[in-house]
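This report refers to the structure that appears directly beneath it.
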Amino acid sequence: MIVEKRLGPTYATPGEKVTADELRRLGCSDALVAYLAPSPAHMALKHPREWFWTDRKWFKGASREVTDEIARFAGGFFCELPLEEQAAMMGIRIVHAPGVRFNSGRGLWQSAAGNGISIEELGLEISLRPGERGSSYEGRGLTAFWFMLSKTFEDMNGYWLGYEPTKRQRYQPGPDYARMVLASVDAVLADPKGIHRRHREYLQTLWRGLELRDVTDWIEIVGGSFIRRYHEHCYSVGANGQGGHPDLTISGSELRFVEVKGKDRMHANQASWIVDIAEPLGLDVTVLKVG
């Protein structure tokens with residue numbers, strides 16, 4: 001028996017879980033039930049509809065036999081499909097481009113200038129068209145902006161972003177909360193340097209090597225309109241768009257996102273980003289396969 005896959009966005013079925021008894025009725029072995037629901041009252045962390053969309057390595061501590069059984073029920077794992085099948089399933093194009101390995105550095109590729117660069121940097125070099133700008137930060141630019149936003153929201157409202165005023169429970173997605181978040185988004189867009197100055201130590205600790213100039217460059221590349229649309233969508237419906245962000249963000253006459261691949265394939269969180277963020281916002285996403 002192959003269980004039904006989730007077809008819509010992840011936020012459409014938040015927190016769906018099943019009990020050990022339901023797993024047994026599905027036909028799961030004792031070993032699988034013991035892993036997913038170790039006590040009778042325990043709820044399985046992942047609903048069977050999500051198994052296909054979950055990377056095998058997510059099931060930490062599970063034996064190969066257990067993850068193989070999960071794969072049989074799920075009809076496989078998305079992360080293990082050939083890249084071409086993944087792209088077809090997500091409705092995105094694959095663009096192929098040649099690439100030459102750089103012989104003096106592991107994992108590096110040869111740039112047009114002849115030096116060694118990462119595959120993401122090579123992807124940006126290949127993908128940029130005349131008049132375009134881009135970044136190869138993956139989701140780090142967005143995450144860095146979110147840290148600025150979180151401190152600004154707390155300064156303006158007196159409690160943490162993503163929570164209700166009591167700080168004891170997560171926020172309720174909807175237009176009212178989204179409006180509050182957008183007020184803080186506008187404050188960050190109006191004065192990113194001032195916010196960085198007030199919270200410099202906190203931000204630099206969490207920015208993973210990015211500097212203020214990198215973040216303001218990212219803001220200029222994506223534009224305030226996209227940043228507002230993105231956050232309004234996320235906090236209106238409860239989408240989490242930070243994980244799985246494509247490698248490249250490129251802007252010119254339009255905003256484009258590119259996931260760069262060598263021999264690897266797409267991960268489950270990258271599929272979720274397409275379904276939860278790109279499709280609702282009408283974003284252009286492609287895969288660049290190098291090699």
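Asp155 has its side chain within reach of His199: a pair of non-hydrogen atoms, C-beta onward, lies under 4.5 Å apart. You'll find the side chain of Leu142 reaches within 4.5 Å of the side chain of Trp218, heavy atoms only. Taking 4.5 Å as the limit, every side-chain heavy atom of Glu154 sits out of range of all side-chain heavy atoms of Leu161. Inter-residue side-chain proximity for Arg229 and Ser225 is flagged as met; some heavy-atom pair is nearer than 4.5 Å. Residues Asp276 and Pro9 meet the side-chain proximity criterion, which asks for heavy atoms closer than 4.5 Å. Residues Cys79 and Arg265 are not in side-chain contact: their nearest non-hydrogen atoms beyond the backbone lie 4.5 Å or more apart. No side-chain heavy atom of Ile117 sits less than 4.5 Å from a side-chain heavy atom of Phe102. Two residues are said to be in side-chain contact when any heavy atoms from C-beta on lie closer than 4.5 Å; Val66 and Phe59 fail this criterion.
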Tyr159 and Thr166: side chain to side chain contact (heavy atoms under 4.5 Å, CB included), yes or no, with the steps?
CA-CA 8 Å; Tyr159 57 94; Thr166 61; over 6 Å; no
(message) Does Met89 form a side chain to side chain contact (heavy atoms under 4.5 Å, CB included) with Gln86? I'd like the steps, not just the answer.
(response) CA-CA 5 Å; Met89 180 173 285; Gln86 291 180 325; 5.8 Å; no
Practice task
Take Lys151 and Arg198 through the side chain to side chain contact (heavy atoms under 4.5 Å, CB included) test and state the conclusion after the steps.
Solution key: CA-CA 10 Å; Lys151 295 305 289 185; Arg198 288 195 295 276; over 6 Å; no
Q) Do Asp217 and Arg213 pass the salt bridge (Lys or Arg N to Asp or Glu O under 4.0 Å) test, and can you show the C-alpha distance, the side-chain angles, and the key distance before you say yes or no? A) CA-CA 6 Å; Asp217 282 348; Arg213 184 60 195 170; 3.0 Å; yes
Does Glu259 form a side chain to side chain contact (heavy atoms under 4.5 Å, CB included) with Ile94? I'd like the steps, not just the answer.
CA-CA 9 Å; Glu259 179 62 31; Ile94 297 181; over 6 Å; no
Practice prompt. Apply salt bridge (Lys or Arg N to Asp or Glu O under 4.0 Å) to Asp247 and Lys261, showing your working.
Written response: CA-CA 9 Å; Asp247 296 311; Lys261 295 296 181 186; 5.7 Å; no
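Residue Met148 is grouped with residue Trp146 when hydrophobic side chains (ILVMFWY) are merged at heavy-atom distances under 4.5 angstrom, including chains of intermediate members. Criterion: ILVMFWY side-chain heavy atoms under 4.5 Å apart, direct or through other members. Under it, Phe77 and Leu26 are part of a common hydrophobic cluster. Residues Ile219 and Ile195 share a hydrophobic cluster, clusters being chains of Ile/Leu/Val/Met/Phe/Trp/Tyr side chains in contact below 4.5 Å. Cluster membership for Val290 and Val285, using ILVMFWY side-chain heavy atoms within less than 4.5 angstrom, is not shared. If you chain together hydrophobic residues whose side chains sit under 4.5 Å apart, Phe145 and Leu206 fall into the same group.
To the nearest 0.5 Å, atoms CD1 (Ile119) and CG (Asp264) are separated by 7.0 Å. Between Arg101 atom CZ and Leu122 atom CG the span is 10.0 Å, to the nearest 0.5 Å. A distance of 15.5 Å separates CG in Asn157 from OH in Tyr163, rounded to the nearest 0.5 Å. For the atom pair OG1 of Thr143 and CD of Glu138, the computed distance is 10.0 Å after rounding to the nearest 0.5 Å. Atom CZ of residue Arg6 and atom OG1 of residue Thr54 lie 8.0 Å apart, to the nearest 0.5 angstrom. In this structure, OG on Ser29 lies 10.5 Å from CZ on Arg24, to the nearest 0.5 angstrom.
Side-chain atoms of Thr67 come within 3.5 Å of backbone atoms of Arg64 as a donor-acceptor pair (strictly under, hydrogens ignored). Between the side chain of Gln204 and the backbone N or O of Leu210, at least one donor-acceptor pair lies under 3.5 Å. Checked by atom type and distance alone, the side chain of His47 pairs as donor or acceptor with a backbone atom of Arg49 at under 3.5 Å. When atom types are taken as modelled, the side chain of Arg56 and the backbone of Glu80 share no donor-acceptor pair closer than 3.5 angstrom. Glu22 contributes a side-chain N or O that, together with a main-chain N or O of Thr19, makes up a donor-acceptor pair within less than 3.5 Å. Lys289 places no side-chain N or O within 3.5 Å of a backbone atom of Val260 that could act as its donor or acceptor partner. With hydrogens and angles disregarded, a donor-acceptor distance shorter than 3.5 Å links the side chain of Glu164 to the backbone of Gln172.
By the 6.0 Å contact criterion, CZ on Arg170 is enclosed, its count of non-hydrogen atoms from other residues, nucleotides or ligands being greater than 12. The neighbour count for Lys5 NZ, taken as heavy atoms of other residues, nucleotides or ligands under 6.0 Å away, is above 12. Heavy-atom neighbours of Arg93 CZ from other residues, nucleotides or ligands within 6.0 Å: at or below the threshold of 12. Heavy atoms from other residues, nucleotides or ligands lying under 6.0 Å from CH2 of Trp160 number 12 at most. Atom CD of Glu254 sits in a crowded spot, with more than 12 heavy atoms from other residues, nucleotides or ligands closer than 6.0 Å.
Tyr202 and Phe147 have perpendicular rings, their planes meeting at more than 60° on a 0 to 90° scale where under 30° would count as parallel. The aromatic rings of Trp53 and Phe78 sit tilted relative to each other, their planes meeting at an angle between 30° and 60°.
Of all heavy-atom pairs between Met266 and Leu83, the closest is CG-CD1, 3.9 Å. The heavy-atom pair separating Phe73 from Trp51 by the smallest distance is CB-CZ3, 3.7 Å. Shortest non-hydrogen contact noted between Ala20 and Val33 is CB-CG1, 3.8 Å. Counting all heavy atoms, side chain and backbone alike, Leu255 lies closest to Asp284 at O-CB, 3.9 Å. Pro280 approaches Tyr11 most closely through the heavy-atom pair CG-OH, 3.6 Å. Summarising the geometry of Leu128 relative to Gly134, their closest heavy-atom pair is CD2-N, 3.9 Å, with the distance given to 0.1 Å.
Side-chain rings of His245 and Tyr230 stay apart, their centers remaining 6.0 Å or farther from each other. Less than 6.0 angstrom separates the ring centroid of Phe153 from the ring centroid of Tyr177.
Between the side chains of Asn115 and Ser111, a donor-acceptor pair is found at a separation under 3.5 Å.
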